[in-house]
Every structure is written in C-alpha cells, then in structure tokens.
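Remarks on the structure that follows.
In this text the structure is predicted, and so the values were computed from the model without any measurement.
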Amino acid sequence: MQDPSTGPLATQATSSFTEHLQRSRPELLPFTQSLPAGMVPASPHATTIVALTYAGGVLMAGDRRATMGNIIASRHIEKVFPADQYSVLGIAGTAGLAIDITRLFQVELEHYEKIEGTLLSLVGKANRLGAMIRGNLPMAMQGMAVVPLFAGFDHVSGVGRLFSYDVTGGRYEEQEHHSVGSGSVFARGALKKLWKPNLSEENAVAVAVEALYDAADDDSATGGPDPVRQLWPVVYTVDRSGNRRVPERDLAAIAGAIVESRAAAGREA
C-alpha cells in the first residue's frame with residue numbers, strides 16, 4: 001500500500017490550504033462556482049459588524065439578524081468568529097458564501113501553522129483573507145458579495161489592529177474603529193462619539209453594544225438586543241492572551257443599562 005504522505009496530493013501540498021485546493025480539488029472552493037447570466041438567487045444577507053481598539057487589544061461585535069429582501073431570514077445568525085487564537089473575523093454580505101469563506105480561512109490559518117510550525121503574522125493573515133475575497137469577485141459581480149472585517153492582536157507591535165476590505169479584495173488598515181454592513185453608517189456615527197483612546201475592555205464592550213443599538217434603531221436589517229428572545233450581539237475581544245467571547249449575561253446587563261439610561265433621559269432616539 002502506498003504511503004499517503006508520498007501520494008500526489010501530499011507532493012502538491014504548500015503552506016496555503018487554499019492554493020492546495022485550487023491545484024487539486026478546485027470544485028471544493030466556495031468561490032469557484034458560477035451562476036447563469038442574470039440569475040441571482042434570493043439568499044440571506046448578514047448585516048452590521050463593528051470593531052474598535054481599546055487599551056491592550058481589539059474588539060469585534062455583530063448583531064444577530066439576517067435578512068432576505070424585506071424578510072427577516074434569521075434572528076439567530078452569528079457573524080463574528082475566531083479566525084485563530086489571536087484574531088477574529090466578522091462577515092457582511094451573502095451569508096452562506098461568507099460563512100464558507102470564514103471556515104476556509106480558519107482551515108487556512110491552521111494548515112499554515114501545522115506546515116510551517118509557527119503562526120502567520122497578523123498582516124500575513126489579513127493579506128490571505130484579501131486574496132480569498134478577491135477570488136470571490138466573479139460571484140460579487142453577480143450580486144453575491146462578501147465584505148469582511150478582520151481584527152487581531154499584533155505581537156510585534158503589541159497592539160490590536162483592524163482591517164477592512166472591498167469586494168475586490170483590497171485591504172485597508174483602519175485606525176481606532178470601523179464598521180461594515182447595512183447599518184454601518186449609523187454605527188460609525190455612534191462610534192465617533194462614544195469611542196475614546198485607551199478604553200477599558202468593559203467600556204469598549206459597552207461602546208460596541210451601544211453602536212449596534214443605534215444602528216438597529218435606524219436600519220431595519222440590523223437586529224438590536226432582544227430581551228424577549230434573550231438574543232444579544234456576538235462580541236469577541238482579542239488581546240495578548242488570545243480571543244475571548246463575551247458572556248451573554250454580561251451583554252444582557254450592558255444592553256439593559258443602555259435601555260434604562262435612554263428611557264430615564266426621555267430620549268426619542
């Protein structure tokens with residue numbers, strides 16, 4: 001019997017799992033499919049993601065709503081995921097494609113670590129994600145775009161950093177904070193007023209939740225905190241020790257405090 005480690009697939013292996021698939025099994029890649037001309041299937045879209053830096057790290061948060069036209073397709077979707085121990089990824093756009101690309105990116109980073117015996121640098125991770133988004137350009141041109149937000153802790157500089165992308169895979173490093181998705185313009189306006197340098201982790205979580213609350217107030221495709229269904233945003237922090245998902249009980253307390261403070265102030269918005 002032939003040793004699997006010397007087979008044709010093994011001899012083609014590189015430190016990039018995506019490149020390996022492109023050579024050996026391109027049909028398995030999520031962005032190699034094509035649609036008939038003029039055909040764009042109705043599909044759920046993920047909406048608003050926010051990210052911001054704080055003292056010692058970076059944070060990313062996403063609401064829980066996915067929409068399909070004027071219909072709420074899901075109230076439970078998760079749009080923020082750990083990419084590896086020291087980075088996180090948020091998705092906006094066509095939900096199914098975005099989740100597949102997220103899973104591929106997670107495998108890409110794990111594969112690199114196993115082949116090379118070391119972690120890819122944060123900028124290297126950001127560049128590889130950009131290449132994946134560029135690979136999805138044909139689908140994006142047919143109306144099935146994926147627009148991620150990427151953040152992580154950079155052990156070289158000792159700070160949290162965040163990166164945005166366009167549909168062509170263009171990568172842009174953002175300073176302080178950023179937002180993507182249908183409610184991003186409202187979330188970004190809130191972040192400009194709420195964010196301050198050297199926020200504590202606790203205060204940064206509160207800023208992110210309030211920015212999503214403001215986005216949901218003006219954008220029907222963004223879901224706000226839902227105490228009836230006990231649904232809260234998905235929030236991850238990343239610092240020198242790695243990523244951590246903020247517990248739902250903490251998010252419930254923060255969302256409750258935001259609602260109470262606005263009710264006490266008698267604010268219309």
Side-chain angles (χ1 to χ4, degrees), residues 43-54 58-81 88-96 98-99 102 147-149 151 162 164 176-196 199-237 244-269:
S43 57
H45 278 67
T47 48
T48 309
I49 307 293
V50 301
L52 60 142
T53 58
Y54 63 89
V58 65
L59 173 153
M60 189 175 293
D63 76 301
R64 303 293 296 276
R65 179 174 293 179
T67 58
M68 192 161 55
N70 66 323
I71 303 297
I72 297 175
S74 175
R75 293 183 174 88
H76 301 266
I77 189 172
E78 296 194 1
K79 310 170 190 176
V80 180
F81 306 90
V88 291
L89 172 66
I91 57 169
T94 306
I99 291 172
T102 297
V147 183
L149 196 55
L162 57 103
S164 66
E176 301 176 351
H177 52 75
H178 195 66
S179 179
V180 297
S182 63
S184 61
V185 63
F186 308 112
R188 204 171 304 168
L191 288 170
K192 286 181 179 180
K193 294 176 174 61
L194 297 171
W195 184 89
K196 296 178 177 61
L199 284 168
S200 67
E201 180 181 310
E202 181 181 358
N203 288 339
V205 174
V207 167
V209 173
E210 188 161 2
L212 288 173
Y213 184 96
D214 283 343
D217 196 42
D218 288 301
D219 174 45
S220 62
T222 302
D226 188 340
V228 175
R229 297 181 177 88
Q230 293 291 292
L231 293 174
W232 318 106
V234 174
V235 184
Y236 277 89
T237 62
R244 180 182 75 91
R245 181 165 176 166
V246 178
E248 291 197 344
R249 62 178 179 275
D250 296 349
L251 298 171
I254 290 169
I258 292 170
V259 173
E260 288 177 9
S261 66
R262 296 194 175 196
R267 294 177 58 178
E268 171 64 22

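In this structure the side chain of Y213 reaches within 4.5 angstrom of the side chain of V259, judged on heavy atoms. Contact check for V205 versus L251: side-chain heavy atoms found under the 4.5 Å cut-off. The shortest distance between side-chain heavy atoms of V234 and K79 does not fall below 4.5 Å. Between Y54 and N203, the closest side-chain pair of non-hydrogen atoms is not below 4.5 Å. Side-chain contact between L59 and V235 is present, with at least one heavy-atom pair separated by less than 4.5 Å. Between I49 and I91, every side-chain heavy-atom pair lies at or beyond the 4.5 Å cut-off. Two residues are said to be in side-chain contact when any heavy atoms from C-beta on lie closer than 4.5 Å; E210 and R262 meet this criterion. R64 is listed as a side-chain neighbour of H76, based on a closest heavy-atom distance under 4.5 Å.
A search for side-chain hydrogen bond (donor to acceptor under 3.5 Å, both in side chains) contacts involving D226 returns R229, not counting sequence neighbours. Considering only residues two or more places apart in sequence or on other chains, D218 meets the side chain to side chain contact (heavy atoms under 4.5 Å, CB included) condition with F186. Take A190 and apply the side chain to side chain contact (heavy atoms under 4.5 Å, CB included) test, not counting sequence neighbours, and it matches L194, A211, D214. Annotation: side chain to side chain contact (heavy atoms under 4.5 Å, CB included) contacts of A216 (sequence neighbours excluded): T222. By the side-chain hydrogen bond (donor to acceptor under 3.5 Å, both in side chains) test, E202 is found to be paired with no residue, residues two or more places apart in sequence or in another chain being considered. Taking T53 as the reference, V58, L162, W195 meet the side chain to side chain contact (heavy atoms under 4.5 Å, CB included) condition, with sequence neighbours excluded.
Nearest heavy-atom pair across A255 and W232 is CB-CZ3, 3.9 Å. Closest of all the heavy-atom pairs between L89 and M60 is C-SD, 3.7 Å. Heavy atoms only, all atoms of each residue included: L212 and P233 are closest at CD1-CB, 3.7 Å. Nearest heavy-atom pair, G181 versus A92, reported as atom, atom and distance to 0.1 Å: CA-CB, 4.0 Å. Of all the heavy atoms in K196 and L199, the pair that sits closest is O-CG, 3.2 Å. The two residues S179 and V50 make their nearest non-hydrogen contact at OG-CG1, 3.6 Å.
Under a 3.5 Å cut-off, the side chain of R65 and the backbone N or O of S220 do form a donor-acceptor pair. At distances below 3.5 Å, not a single donor-acceptor pair connects side-chain atoms of S182 with backbone N or O atoms of A221.
To the nearest 0.5 angstrom, R188 atom CZ is 9.0 Å from H177 atom NE2. To the nearest 0.5 Å, atom CD1 of residue I77 and atom OG1 of residue T67 are 9.5 Å apart. A distance of 7.0 Å separates NE2 in H178 from OG in S184, rounded to the nearest 0.5 Å.
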